[in-house]
Structures are given as structure tokens and as C-alpha cells.
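As the structure is a prediction and not an experimental result, all values here were calculated from the model. Counting begins at 1 with the first residue of the sequence.
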Amino acid sequence: MMLTDPSQKYRAFPQVDLPNRQWPAQVITAPPRWLSTDMRDGNQSLIDPMNAEKKRRFFDLLLKVGVKEIEIGFPAAGATEFDFISGLVRDGAIPDDVIVQVLTQARADLIATTFESLRGAPKAIVHVYNAVSPAWRNIVFQMSRPEIKEIAVNAAKLLRDNAAKQPDTDWHFEYSPETFSTAELDFSLECCEAVMDILAPTPDRPLILNLPATVECATPNIYADQIEWMCRNISRRDSVVISLHPHNDRGTGVAAAELGLMAGADRVEGCLFGNGERTGNCDIVTVALNMYTQGINPLLDFSDIDEVIQTVEYCNQLPVHPRHPYAGELVFTAFSGSHQDAIKKGFAAQEARNDLIWDVPYLPIDPKDLGRDYEAVIRVNSQSGKGGVAWVLQQDKGYKMPKRMQAEFSKVVQAMADESSRELNAADIWSAFQTHYRLSGEQAYSLIDYHESGVAGDRIFTGKIVHEGVERSISGRGNGLLSSVLAALRDEFGVQLEIADYTEHAIGAGSDVNAAAYVECRAPDGRTVFGVGTDADVATASVQAVLSAANGIAVRG
């Protein structure tokens, strides 16, 4: 139970002695260097770490977003990590303007394995760390300050010597005094200076000094004080890149990153949507879009935020919260009537002003800049967003299911996952899609051929249908093709359905494409059934979709 006097158990974090601190008056005017740690720090925090296929999808997403520094793994952790990293190098999959980074502990054997995983890379960053805070020194390692510093010095020598054995690679180095935010500043500085003495950075070839809030234990202003203190006291400031790695244990990882940049840092490490151990890492998406709303180009492209979400959810198997800043399904949806009214008036005023400067109540960013539709802003929308299952189907097969169909089908896939107790791949999902929507296997109703006649508003469907293995000729009349098909099913087989929604799209691009059609139907008893059809002809695809829905009714009874 919670204590009535928590001071008996917990201590307030000490303030930093920093007279005349400058960061509170600073303004962020340019983006930092960004490092994505999704494929390492984020990956190691997942219940089911990414396999090679998911890691490659994530890597490709980061390239598309525009991340230029990517921590791709921990090669000494095991064969899966090592093989993926060496495979990227071997396949030439790393663009010339992107530099990959790998992490290693400060041990000779692990450092050697790390360098071997990058053999043949044109350029790379090797990141080494050791914990320096009192808790780790006294409890975990039972070592003195000189002994801890010696670990850092030896690691720096190993970086230098291993790099010399592979001179064809342009090596860069990063050192982290892990647990920096809970360590004595003078000792963190001492370890960093010792590493600098070995690696001898210059302004042209700086050393990255990562100053992590490994566990967030204080308010973000204290982290900013720590960063400014280090920037003031480091001996060769022009020869180091100060990098931030805030975690989110207190829920202020984004604030810590922003204040750390105001305090003089050059680089931010984090994960898309804040994935990471415990409460996660700093959320790169939020930090970048916060800058964007202040008129700063973050040099990261989130103009299709839904695609980013779908990929991340698929690869991490973790949902992005519907209230997540900028990205959540509900962040641009107003449920309150007064909010909706203010937003509508804001849009009208924006259009009347004919002014590029954005100023709409309740919306700090224009949803269209992120690829979102205004319709979601001004109406109640309780439907969940497109999930990883829908994204896989779209990426691998070209199907773009309507949202309510996504919600239904995701339950089918979840049941499969629960039953099989294993990861479902794209082939599993495609097989389930075909089975659930009766695109393959036995069907109660299957189309052989059809003909449509009549005039607008009075259409006649005449078709040949195989029903339970028997060919039947059927016909029906309606005000359009779909209503005439429904009339034929009702008159010939007693199947009564009403169409509640219909959508269609092309699969692929160019002249030689198929059409996909989706119907949402309602039965007299109130049940909802979805159908999907595909054909080179969109009209035929729509007929197939209606029959797919009828097959669903037949299966469920």
C-alpha cells in the first residue's frame, strides 16, 4: 500500500549546481541529428522480438521517413542479430547517405564480434557503453570509480584497435556513460574525458557522447541542467556530438529531449511512437512534429502517418494508442458538439483568410499535412484505425479493407493467433482472408456468368450461378446492378440482404489491373456480413462481392 509519508522511503532528486543556467532562454531553431533505436532498444523490449522480415520492413520504413542514422541491432546478442546486420551490409542495402550504428557492451569478445558483423560496410558507428552511477558501481559491479573508468578506457582502446584492422570502413564511435542521469556529473565527465583521450576526436571526426536518462528519475529541467553542465565543462566541445537518450519513466521523455536540445545537445536518440523498455524511449515522432508545428522542418517525413503507424504496429505487435500525440486514431476527432462547432468555424475562417498560417481551434497541426482526412475531424468516429493485419494485406496483396471490415477481420486473425500460439505471417493472413470471405474452397453461391440489361433506375440481372454444386439460371430486377443481384438471390434462394456500404479500388497501377469491391450487408435479423470480390472488371468484382456476402450468410446459417 502507498505510504502516507513517502519521504520515509524515497528521496527528492538533488538539484544541479548550475549558476546562471542559459537553457531556459534558448529556443529550438533547427532539427537535431536523429538516431532511431527502434531496431535495437525498441526491439529488445518487445514480447516477441522482430524476425528478419519485420526488421527489414522497419529498416525500409526508417529510410522512407528520412532517418539518416539507424541503430540496427546488438550483433553480439545472438545469431539472429548478427546475421541480419551482416546481411544488410552484404546485400548493399544501406544507402550512401545513411549510417548504421550497432551497440556493444565494453567487453573484448563482444566488441570483436560487433566489428565482424560490419565487415565490408562503407561506414558505421560502433556504440559502446558502461554503467557509471553509484547504484551500479556499488550494487551491481561492486567496483570503485577508478575501476569503472578503466572499463571505459579499455573499451575505447578496443574500438580503436578493432577499427584499425578494417581500414576500408569509415569508422565512427559513440560512448555512453550509461545511467548518466543518476550519476555524479564530475564522474561522468571524467569517464568521457578518458575515452576522448584514447580516441582523440577532432572537429572533423567528432566522438558521439551519449548522455542517457537510462532511468528517468527527475524532472526534465534537471536533465537539461545536466546536459548544459556537460556542454560547459567538456574539454573539447567542438570535437564531440552531445547525444540525448531519454527514457520515459516519469512520462516526460519528450520534454527532456526538448529541454536537452535547448541546453546545447546536438542529437536525439529514440523510437517511433516511444517504444522501448519499461515506459519506453523518447518518441521521435512527437519531438519531430512538435518542431514542425513551430515552423521548423524536422527533416523527417510523416506525411503519411497512417502508413508509419501500420508498419510499426505490424513489426512491434504493439498498438499505437488512440490518444497518442499527432498519430492516434482519435486525436483529430471531436466528440463534443462545441468542439466540432469551433473546428468547423476555424476551417471556414482559415479558408476566408486565404492565409497559409495555420490557426484552427483544437488543432495544433493541419491533419492533411499528415495524410489525414478532414472528415475524421468533424464527426464522431469510434472505429479503430487500420491495424497491422490490414496493412499486411494491403502491402502484400493490394487489398484496402474498409474500416469496419478491418475490425471484423482482425478478430478472425486474433482467434487464429490464440489457437496456433505462434506468429502469423503474411501467408497465414492471406489464407484466413480467402477462407473467411469465401474467395476459395467450397462456396454456396459461385458465379459462372451474368448479363445486365435495362435502363438507368431499372436494371435486370440475369446470371448463371452454381448453388451447392448445381448450376442455376437466376434473374432479378432493381434500380442498379447490386440491387438486381440482391433481388435475384432473394427471389431464387430466399437470401435477404441489404447493402449498408460499398467501396471499390484498383489493385496495382497501370492498365493491366484488377478491381477489388467490398460490400457491407445487413440481414433481416440485424446481422452484418461483409463480402469481397475481385476481377479485371469492376462490375463483375461487385457481383462477386455480393455473392461473397451471401456465402457468409450461408456459412453462418
Side-chain angles (χ1 to χ4, degrees), residues 2 6-7 9-18 21 23-24 28 32 34-38 40-46 71 103 127 129-140 174-185 187-189 191-192 208-231 242-288 290 316 318 321 323-325:
M2 294 182 68
S7 66
K9 187 173 183 179
Y10 301 100
R11 292 170 295 180
F13 200 89
Q15 299 289 310
V16 177
D17 183 13
L18 188 67
R21 56 181 52 83
W23 67 261
I28 298 172
W34 303 103
L35 174 84
S36 162
T37 63
D38 290 274
R40 195 277 303 170
D41 201 347
N43 187 49
Q44 73 185 38
S45 69
L46 299 177
E71 194 167 66
L103 181 72
H127 177 190
Y129 69 96
N130 69 303
V132 299
S133 64
W136 282 78
R137 295 197 311 264
N138 301 330
I139 299 171
V140 180
E174 176 172 342
Y175 171 65
S176 290
E178 192 192 11
T179 64
F180 162 81
S181 61
T182 53
E184 308 93 334
L185 284 169
F187 185 54
S188 293
L189 179 64
C191 290
C192 290
I208 301 169
L209 289 179
N210 183 43
L211 306 178
T214 306
V215 178
E216 189 177 40
C217 293
T219 50
N221 62 295
I222 290 180
Y223 186 59
D225 280 351
Q226 293 170 327
I227 299 303
E228 183 171 333
W229 190 96
M230 287 291 287
C231 288
I242 299 297
S243 191
L244 308 174
H245 187 110
H247 277 257
N248 198 44
D249 299 270
R250 291 171 56 93
T252 56
V254 166
E258 292 178 327
L259 299 190
L261 289 173
M262 292 163 59
D266 310 296
R267 188 175 185 251
V268 171
E269 304 186 3
C271 293
L272 301 184
F273 308 116
N275 182 40
E277 293 182 288
R278 302 181 310 282
T279 56
N281 289 293
C282 172
D283 175 8
I284 286 179
V285 176
T286 299
V287 177
N290 282 352
N316 287 346
L318 291 173
H321 195 279
R323 300 292 183 191
H324 194 100

* Taking atom CG of Leu261 and atom CG of Leu244, what is their separation to the nearest 0.5 Å? -> 5.5 Å
* Structure fact -> In this structure, CG of Leu46 is separated from CG of Leu318 (nearest 0.5 Å) by 6.0 Å
* Roughly how far, to the nearest 0.5 Å, is the CG atom of Asn275 from the CG atom of Asn248? -> 11.5 Å
* Under 3.5 Å donor-acceptor, Thr179 side chain and Thr214 backbone -> no
* Asked: What distance separates Cys192 SG from Phe180 CZ, expressed to the nearest 0.5 Å?
  -> 8.0 Å
* To do: Look up atom OG in Ser45 and atom CZ in Arg40, then write down how far apart they are to the nearest 0.5 Å.
  => 9.5 Å
* To do: Indicate yes or no: at least one non-hydrogen side-chain atom of Thr286 is less than 4.5 angstrom from one of Glu258.
  => no
* Side-chain donor or acceptor of Thr279 paired with backbone N/O of Asp249 under 3.5 Å -> yes
* To do: Would you mind reporting whether Ser188 and Gln226 have side-chain heavy atoms less than 4.5 Å apart?
  => no
* Is it the case that Trp229 and Asp17 place a side-chain donor and acceptor less than 3.5 Å from each other? -> no
* Does the side chain of Tyr175 reach to within under 4.5 Å of the side chain of Asn130, using non-hydrogen atoms? -> yes
* **His245 vs Thr37 side-chain heavy atoms within contact, under 4.5 Å** => yes
* To do: Any chance you could measure Leu35, atom CG, to Glu71, atom CD, to the nearest 0.5 Å?
  => 5.5 Å
* Indicate yes or no: at least one non-hydrogen side-chain atom of Val215 is less than 4.5 angstrom from one of Arg278. => yes
* Close side-chain approach of Asn221 and Trp23, heavy atoms under 4.5 Å -> yes
* To do: Could you tell me whether the side chain of Asn281 reaches within less than 4.5 Å of the side chain of Glu269, counting heavy atoms only?
  => no
* Can you tell if the side chain of Trp136 reaches within under 4.5 Å of the side chain of Pro134, non-hydrogen atoms only? -> no
* **Donor on one side chain, acceptor on other, Asn210 and Ser176, under 3.5 Å** => yes
